[in-house]
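First comes the structure, then the notes that go with it.
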Amino acid sequence: LYGQSFNIEYFNPDVDPNAQKKCVTIMEGKADTCIKSAAIAVCRRIHPQPPGCVHDITLHMSNQLIEYEKKRLDSKDTYKKLGMEMDAPG
């Protein structure tokens, strides 16, 4: 945005049962409140904030997570498919 790059930190609440309970589906099932919280954090760093920033970033993040999951599940790499980053040591 405005020629700048922003890192977005989002931790999947599905791996943490306590965090998972805090996520509520919003935007007619297109996103959840955990994704929206990450989008709010991103939009706070942008000045001037564009109109609809939180809504647009929330939808973008949600769509990117859906695409990531499709690619992950289609992968032939077992570790990527299972969401594991590396093999067990030794």
Side-chain angles (χ1 to χ4, degrees):
L1 189 63
Y2 302 121
Q4 298 180 13
S5 174
F6 293 95
N7 289 329
I8 298 174
E9 291 185 14
Y10 175 77
F11 301 98
N12 185 353
D14 291 338
V15 298
D16 181 358
N18 292 325
Q20 189 176 21
K21 293 175 188 172
K22 296 177 185 176
C23 299
V24 178
T25 302
I26 58 172
M27 297 181 167
E28 299 172 4
K30 295 178 185 172
D32 62 43
T33 53
C34 294
I35 295 172
K36 184 176 180 179
S37 295
I40 290 169
V42 170
C43 290
R44 282 187 186 142
R45 300 187 314 193
I46 302 171
H47 297 282
Q49 196 175 105
C53 183
V54 173
H55 181 267
D56 293 345
I57 297 291
T58 301
L59 286 178
H60 177 72
M61 288 176 65
S62 181
N63 289 334
Q64 291 299 305
L65 288 169
I66 290 167
E67 287 300 313
Y68 172 79
E69 285 297 310
K70 285 180 188 174
K71 289 177 185 175
R72 183 179 70 85
L73 295 174
D74 290 342
S75 174
K76 292 183 181 183
D77 180 352
T78 304
Y79 292 104
K80 184 182 261 188
K81 187 179 279 193
L82 295 175
M84 302 170 78
E85 296 191 15
M86 58 189 283
D87 198 350

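- His60 meets the side-chain contact (heavy atoms from CB on, under 4.5 Å) test with Gln64; sequence neighbours excluded.
- Residues Thr33 and Cys23 approach most closely at OG1-CA, 3.4 Å, considering heavy atoms.
- Hydrophobic clustering of Ile, Leu, Val, Met, Phe, Trp and Tyr side chains at less than 4.5 Å, counting indirect connections, unites Val42 with Leu65.
- Here NZ of Lys36 is found 13.0 Å from OG of Ser62. Values are rounded to the nearest 0.5 Å.
- When every heavy atom of Pro50 is checked against every heavy atom of Ile46, the shortest pair comes out as CD-CG2, 3.8 Å.
- Here CD of Gln49 is found 9.5 Å from CD1 of Ile57. Values are rounded to the nearest 0.5 Å.
- Cluster membership for Ile26 and Leu59, using ILVMFWY side-chain heavy atoms within less than 4.5 angstrom, is shared.
- Here NZ of Lys30 is found 12.5 Å from OG1 of Thr58. Values are rounded to the nearest 0.5 Å.
- Among residues two or more places apart in sequence or in another chain, the side-chain contact (heavy atoms from CB on, under 4.5 Å) test is passed with Ala41 by none.
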